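Structure record follows, encoded as structure tokens.
Owing to the predicted nature of the structure, the values given are computational and were not obtained by experimental measurement.
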Amino acid sequence: MNDAPVPNIYNTEDISGGTFDTPKEEVPQYSRREILLSAAVAVLSFLFVKYIIFNITGFFTTGVFIALITAATVYLRKKGFKFSRLNIAIAVILYIFSFVFSITANSFIKGLNTVFLCAASAYYIYSVAAEKRDIERFLPFAMIKAVFAYPFSKFGAQSAIAADSLKKSKVSGIILPIFIGLLLTVPLTAVVGALLMSADDGLAKMLSGLTNRIFSYKLSLIAAELMLTIPCSLYIFGMIYANSFRKDISVLDDEQCANKLDSARVISNLIVYTAVTPICILYVMFFISQASYFLSAFANSLPEGYSYADYARQGFFELFAVSLINLMVITVMSLHSKSGRNKSAALKFYNVMLSIFTLILIATAISKMVMYISVYGLTQLRFYTTWFMLLLAVIFIMIIVKQFRYDFRFARHISIAFTIMFGFLCFSRPDSIIAAYNIEMYNAGYLNELDTSAIMELSDDAVLTAFNKGAVSAKDAEKRFERRLKSDTFNRYNISTMMLEK
């Protein structure tokens with residue numbers, strides 16, 4: 001895969017004329033392609049740190065992600081890797097989600113999307129190099145390889161290649177003396193400068209102003225960005241390099257993954273059944289005792305003695321916590337019980353029962369939340385919590401399906417479902433939905449008051465929607481816009497903010 005000769009890693013010449021073997025640091029294989037990739041990654045890593053880690057700007061962030069994805073794709077294509085339908089689908093998803101930064105001003109959504117794109121990009125590079133045609137069954141193991149194992153296994157490859165190529169270059173004979181000269185002149189220049197400043201007030205003011213500029217906040221910020229750029233560049237280059245040069249990496253093996261899971265099955269089935277049975281009995285008793293209470297949520301009516309706020313809040317987050325606990329219990333049962341790969345009928349029964357109980361809890365919690373929203377309006381917390389509860393419901397439905405179909409590709413279907421739901425969360429622009437819903441419900445008479453101050457605390461997505469619907473005046477929007485830009489000037493390069501600015 002590489003035309004460059006493998007470097008000699010032994011020095012066999014002795015000072016006294018004899019020979020002996022002294023191991024030298026091995027330089028990774030590289031050619032002109034790797035040098036160009038290294039330079040591109042270094043530049044893009046600085047932009048990544050500036051426009052993603054420090055400031056998620058919008059259009060610039062979109063451009064950085066598109067450039068990174070394109071650079072990796074072009075390099076892998078030049079290396080001769082074939083792109084399957086799965087690889088192409090992931091690349092398209094990456095490009096689509098890169099535009100989220102440009103269409104919304106919601107910083108929370110941008111942060112979630114950044115994590116999603118970074119993880120998905122790592123898996124994309126891994127799947128192309130590993131010639132994957134479908135999402136593998138052991139996806140968590142693959143993600144560990146893609147995000148952690150492979151990039152850090154070649155973390156120093158970029159620096160080794162850069163040092164070796166610079167050593168062989170004629171330019172190094174010019175750069176090194178210049179660098180040494182600059183290094184030697186620093187203390188001498190400082191001494192001369194101090195003496196001249198003492199002799200002349202004008203020069204003292206000039207040099208003081210220059211010093212203040214050098215150590216100003218912006219230059220300190222640039223210095224911090226440059227410092228973070230180095231590990232970021234080493235990581236990204238190591239990720240691409242490790243996947244493209246696969247001769248000395250630990251390749252993911254399905255049989256080894258299965259054996260690892262089998263070795264983790266240490267809990268006796270009897271212990272599992274004994275531990276879960278009381279929980280199931282408790283759920284039955286709970287549902288029987290609270291039947292009328294729960295049915296009120298589905299009937300959109302209040303139980304006697306409750307207000308809407310009390311009823312909706314009563315037990316909602318407890319139900320949410322119980323749903324997460326049930327997911328954890330099912331995971332522990334599936335991974336650590338001694339049933340092995342072929343689950344016993346009893347274990348399947350308990351998984352199904354816990355899933356059904358949890359789905360009832362989720363349906364009840366969502367019904368209560370819908371009732372609460374219909375009376376008091378939408379907020380970010382209510383929107384995000386409802387979305388996550390729906391995602392949990394999809395997961396538990398798939399858990400039930402998995403109990404009856406062993407060949408059900410759980411990781412594949414969960415990945416697809418999550419991507420679709422996450423796409424809705426990102427591209428729906430939640431703040432805009434929140435503002436539009438509250439304004440329309442208020443105009444229809446369902447809300448007693450419209451909290452415009454709460455809308456103004458949201459992102460520009462909400463403020464733009466409120467302005468277009470006449471709920472916020474141009475003067476108020478302008479004041480809020482100017483106030484926000486004083487604290488966050490970088491978050492203005494997106495469609496919502498630019499439309500609001502006009």
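Between S244 and L76, the shortest heavy-atom contact is CB-CD2, 4.4 Å. Shortest non-hydrogen contact noted between F97 and G423 is CZ-CA, 3.5 Å. Nearest approach of A160 to V27, heavy atoms of both residues: O-CG1, 4.1 Å. Nearest approach of P28 to A157, heavy atoms of both residues: CG-CA, 4.0 Å.
When side chains are defined from C-beta on, T385 does not count as touching R382, because their heavy atoms never get closer than 4.5 Å. T379 places none of its side-chain heavy atoms less than 4.5 Å from the side chain of I373. Put simply, the side chain of V272 does not reach to within 4.5 Å of the side chain of Y350, judged on heavy atoms. The side-chain heavy atoms of N243 and V128, taken from C-beta on, include no pair separated by under 4.5 Å. Side-chain contact check for V463 versus L500: some heavy-atom pair is nearer than 4.5 Å. Looking at I366 and L390, their side chains come closer than 4.5 Å, going by heavy atoms from C-beta outward. Contact of the E136 side chain with the S127 side chain is not registered, since no non-hydrogen atoms from C-beta on lie closer than 4.5 Å. Side-chain contact between L354 and M333 is present, with at least one heavy-atom pair separated by less than 4.5 Å.
Within a 6.0 Å sphere centred on OH of Y442, other residues, nucleotides and ligands contribute 12 heavy atoms or fewer. Counting heavy atoms of neighbouring residues, nucleotides and ligands inside a 6.0 Å radius, atom CZ of F99 does not exceed 12 of them. Shown here is F152, whose CZ atom has more than 12 heavy atoms of other residues, nucleotides or ligands within 6.0 Å. When the shell of 6.0 Å around CZ of F141 is examined, it contains more than 12 heavy atoms from other residues, nucleotides or ligands.
The closest side-chain donor-acceptor pair between S45 and T229, if any, does not fall under 3.5 angstrom. Side-chain polar atoms of Y30 and S38 form no donor-acceptor pair below 3.5 angstrom. A donor-acceptor pair shorter than 3.5 Å cannot be found between the side chains of Y493 and T61. Side-chain contact check for T497 and D460: at least one donor-acceptor pair (N or O, by modelled atom type) lies under 3.5 Å. Side chains of D451 and S453: a donor-acceptor N/O pair is present below 3.5 angstrom, by distance only. Side-chain contact, N494 with S102: no donor N or O sits under 3.5 Å from an acceptor N or O. With 3.5 Å as the limit, one finds a donor-acceptor pair spanning the side chains of R429 and S496.
Using a distance-only test at 3.5 Å, with no hydrogens or angles considered, no donor-acceptor pair links the side chain of H336 to the main chain of V266. Of the possible donor and acceptor atoms, none in the side chain of K402 sits under 3.5 Å from a partner among the backbone N and O of F410. Distance alone, capped at 3.5 Å, places no donor-acceptor pair between the K469 side chain and the L464 backbone. For the pair S334 (side chain) and T331 (backbone), a donor-acceptor distance under 3.5 Å is absent. Side chain of R409 to main chain of I135: a donor-acceptor pair is present (N/O by atom type, distance under 3.5 Å, no hydrogens or angles). Remark: side-chain polar atoms of S374 are paired, donor with acceptor, to backbone N or O of M371 under 3.5 angstrom. A donor-acceptor contact shorter than 3.5 Å links the side chain of W387 to the backbone of M421.
Aromatic pair F388/Y384: centroids not less than 6.0 angstrom apart. Y235 has its ring centre no less than 6.0 Å from the ring centre of F155.
Here CG of L47 is found 8.5 Å from CD1 of I52. Values are rounded to the nearest 0.5 Å. Distance CD1/I249 to NZ/K154: 8.5 Å, rounded to 0.5 Å. Note: I90 CD1 to I69 CD1 = 11.5 Å, rounded to the nearest 0.5 Å. Note: I439 CD1 to L378 CG = 12.0 Å, rounded to the nearest 0.5 Å. For the atom pair CG (L139) and CZ (R137), the distance works out to 12.5 Å, reported to the nearest 0.5 Å. Considering CG of N113 and SG of C426, their distance stands at 4.5 Å, rounded to 0.5 Å.
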key: Stepwise side chain to side chain contact (heavy atoms under 4.5 Å, CB included) check, T277 with C280   = CA-CA 5 Å; T277 299; C280 292; 5.8 Å; no
inquiry  = Working note: Y75 + L36, criterion side chain to side chain contact (heavy atoms under 4.5 Å, CB included); need CA distance, chi angles, decisive distance, verdict.
reply    = CA-CA 9 Å; Y75 173 77; L36 293 175; over 6 Å; no
Full working for side chain to side chain donor-acceptor pair (under 3.5 Å) between S459 and N106 = CA-CA 5 Å; S459 68; N106 189 317; 4.8 Å; no
Test log, rule side chain to side chain donor-acceptor pair (under 3.5 Å), inputs S98 and T62 = CA-CA 5 Å; S98 296; T62 295; over 6 Å; no
query = Going through the distances and angles, do S84 and E131 end up as a side chain to side chain donor-acceptor pair (under 3.5 Å)?
reply = CA-CA 7 Å; S84 64; E131 299 179 347; over 6 Å; no
message = Applying side chain to side chain contact (heavy atoms under 4.5 Å, CB included) to N259 and S263, what does each step give before you reach the verdict?
response = CA-CA 6 Å; N259 291 335; S263 65; over 6 Å; no
inquiry  = For S432 and Y437: C-alpha separation, side-chain torsions, deciding distance, then whether side chain to side chain donor-acceptor pair (under 3.5 Å) applies.
reply    = CA-CA 8 Å; S432 178; Y437 177 86; over 6 Å; no
inquiry  = Show, in sequence, the C-alpha distance, side-chain angles and deciding distance for F396 and I356, and conclude whether the side chain to side chain contact (heavy atoms under 4.5 Å, CB included) test is met.
reply    = CA-CA 8 Å; F396 279 103; I356 291 175; over 6 Å; no
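Relative ring orientation between F101 and F65 is described as parallel, the plane-to-plane angle staying below 30° on a 0-90° scale split at 30° and 60°. In this pair, Y376 and Y372 present their aromatic rings tilted. The plane angle is within the 30 to 60° band. Aromatic ring pairs are classed by plane angle as parallel below 30°, tilted from 30° to 60° and perpendicular above 60°; the pair Y150 and Y126 is tilted.
Residues E34 and K78 are not paired through a salt bridge, judged by the lack of any N-O separation under 4.0 Å between the basic side chain and the carboxylate.
Cation-pi geometry between K79 and F245 is met: the NZ or CZ atom falls under 6.0 Å from the ring centre, inside 45° of the normal.
In this structure, the salt bridge (charged side-chain N to carboxylate O under 4.0 Å, His left out) partners of R405, at least two apart in sequence or on a different chain, are D407. Every residue two or more places apart in sequence or in another chain that forms a ring pair (Phe, Tyr, Trp, His ring centres under 6.0 Å) with F418 is listed here: F422.
Under the ring-ring contact (aromatic ring centres under 6.0 Å, His included) test applied with F60, the options Y51, F48, F54 reduce to a single match, Y51.
Counting only residues at least two apart or on different chains, the side chain to side chain donor-acceptor pair (under 3.5 Å) pairs with a member in residues 411-428 are D134-R412.
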